[in-house]
2 protein chains.
Amino acid sequence: MHPKDGNNDKRRRASRRRAPEATRLALVEATVDLVRASGVHGTTVDQICTAAGATKGAFFHYFRSKEDILEAAILHWCRERAEGYGRDLGEETDDPLVRLDRMLDGLAASVRVPGEKTACLLGMVAQELAGSNHRVRAVCEQMLDGWTDLVAGLLAEAKRRHSPGTDFNPHEVAWMLNSLWQGSLLAAKTRQDPELVASNLVHARAYVSGLFGVDSPKQNSRKSREVSSTPGLLRHYLENH
Amino acid sequence: MHPKDGNNDKRRRASRRRAPEATRLALVEATVDLVRASGVHGTTVDQICTAAGATKGAFFHYFRSKEDILEAAILHWCRERAEGYGRDLGEETDDPLVRLDRMLDGLAASVRVPGEKTACLLGMVAQELAGSNHRVRAVCEQMLDGWTDLVAGLLAEAKRRHSPGTDFNPHEVAWMLNSLWQGSLLAAKTRQDPELVASNLVHARAYVSGLFGVDSPKQNSRKSREVSSTPGLLRHYLENH
DNA sequence: CAGAGCATACCAACCAGTTTGTATGCACCC
DNA sequence: GGGTGCATACAAACTGGTTGGTATGCTCTG
């Protein structure tokens, strides 16, 4: 039963041969995709291997356990998203409210990508494991903290620049936005309606605008779906100031 | 190896003997608890049986599959919660904004119950299965719709009674509140900080208040934790009107 | 005494992780 | 520059425990 006298190896493992970094990356990215679609327990190591065009041997060569690759997948996912935010935010010298606005635009746009599923790896893993796996929970918490700190920083700077009519705690508001974002993805997935995310983000914007003292312009609920095409409320505020 | 010549049956099956309804209920309630703690795939049928003080025979006598009891658990959970809302809301003749306010109070209080874990069965099941199990997804959607319709109804009536300065779509706002609630539970669980839910609800209230034209009173972020003890913003609005 | 309400033993599929073996490239010496 | 030694990078069969589900029979009740 030796390796089939190996003249023709039927499936050519994704046209990749001895490419350490590529294999590892393929495994991690497959994990991200599969877990986002089916959850942690709903994804098997074998599925990951098949999707990555690798074998169990390769898998356990790079990762000591399923939990390990999960952690790697979370880090990979967050690093990727962070890069996206970096692009969305634009110049650091820009007004923090404009930057936040662009970030929300980016988020709204991210659920509109055609083939893309509306699910955040972080939220899914946290929901499934936070109650039972302390280590994974801690990793998720750290990642959520990262996003919140970023937004809280923007809000804090905005508070300094413009002196808002209402006092507020930037961290609290940032956590509220983060929670809303996660909940929106959950609800949108359940309803199979990505537009729900956009709609919720409109209200999030309106709330932040309200904090900075601008009257929310009359919301036209028919048009509210076209978020990313309209100038954000925050931008609107700044332009008339 | 017959049933131990059964003179003394070591564990007396939860001091319950041939009580059909009680057995069924125990199984369902055990499912609710376990799934809320460990998720769907993280909970085994055996665990449910043990927790309910029943055996597999009993389990499959009442439910054809794990999926079936999950559905029963969701319905049970939602019916229970709905009763809670009924109590919280109070008289139907009351002002809808006051009723909404009391509902938010109830939600904030529900995560403060000492031994209680911060997790919504609905949110957990939806997050884990919405992407892979269409039937369960549909059930979750229906339940979420129920809550949203309730809140949207309150908001719509509030719009009729008081004519708010800002126009808004009650359903959109209700979905936003629902999403925020789900996301808050997710974030609070991940951070192991139930107070995050209360904090987020404060901002939710403030947003709704804002819609009805009242200036949010200066938020004191140190004190914002004591939500349920302070008269809600909506009530505050109505008292000065 | 019939049938609802269980209890117990059992099973087949599944799944994370292991073992064992092989192919490939690189370093180093001759 | 070609052979030798060895580490990395896989491949694939296997294992042992787990899990949802079943088969069968006992037992209490109406």
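Convention: sequence-line order gives letters A, B, ...; per-chain numbering from 1.
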> Given dT18(C), dC6(C), dG21(D), which nucleotide is nearest the side-chain atoms of K56(B)?
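My answer, after comparing the listed nucleotides, is dG21(D).
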
> Look at the side-chain N and O atoms of H61(B) and state whether any lies under 4.0 Å from the OP1 or OP2 oxygen of dG5(C).
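The answer is yes; a side-chain N or O of H61(B) sits under 4.0 Å from OP1 or OP2.
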
> Tell me which of H41(A) and G57(A) sits closer to the 5' end of DNA chain C, going by the nucleotide each one is nearest to.
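Comparing both residues, the 5'-ward one is H41(A).
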
> Calculate the interatomic distance between F60(A) atom CZ and dC14(D) atom C1'; express it in whole Å.
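Roughly 14 Å, once rounded to whole Å.
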
> On the nucleotide dC6(C), are OP1 or OP2 found under 4.0 Å from the side-chain N or O atoms that T23(B) carries?
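For dC6(C), OP1/OP2 do have a side-chain N/O of T23(B) under 4.0 Å.
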
> Given dA9(D), dG17(C), dT22(D), which nucleotide is nearest the side-chain atoms of Y62(A)?
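Nearest nucleotide to the side chain: dA9(D).
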
> Would you say that R81(B) contacts S110(B) through its side chain, given a criterion of any heavy-atom pair below 4.5 Å between the two side chains?
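Touching, per the 4.5 Å side-chain cut-off.
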
> Select one nucleotide: of dG21(D), dG17(C), dC10(D), the one nearest the side-chain heavy atoms of A58(A).
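That would be dC10(D).
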
> When you check the gap from the basic side-chain N to the acidic O, do R99(B) and E91(B) get nearer than 4.0 Å?
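Between E91(B) and R99(B) there is no salt bridge, as every charged N stays at least 4.0 Å from the carboxylate O atoms.
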
> R64(A) CZ to dT18(C) P: how many Å, rounded?
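The answer, rounded to whole Å, is 11 Å.
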
> Provide, to the nearest angstrom, the distance between the CZ atom belonging to F59(A) and the P atom belonging to dC15(C).
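The answer, rounded to whole Å, is 14 Å.
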
> Hey, are E83(B) and R79(B) close enough for a salt bridge, meaning a charged N less than 4.0 Å from a carboxylate O?
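Here E83(B) does not pair with R79(B) in a salt bridge, since their nearest N and O are not under 4.0 Å apart.
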
> Could you state the NZ-P distance from K66(A) to dG17(D), rounded to the nearest angstrom?
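My rounded result for the distance is 19 Å.
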
> For the pair E141(A) and K189(B), find out whether any cationic side-chain nitrogen is under 4.0 Å from an anionic carboxylate oxygen.
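Salt bridge absent between E141(A) and K189(B).
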
> What's the closest nucleotide to the side chain of V45(B) if the choices are dC6(C), dC10(D), dG20(D)?
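Among the listed nucleotides, the one closest to the side chain of V45(B) is dG20(D).
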
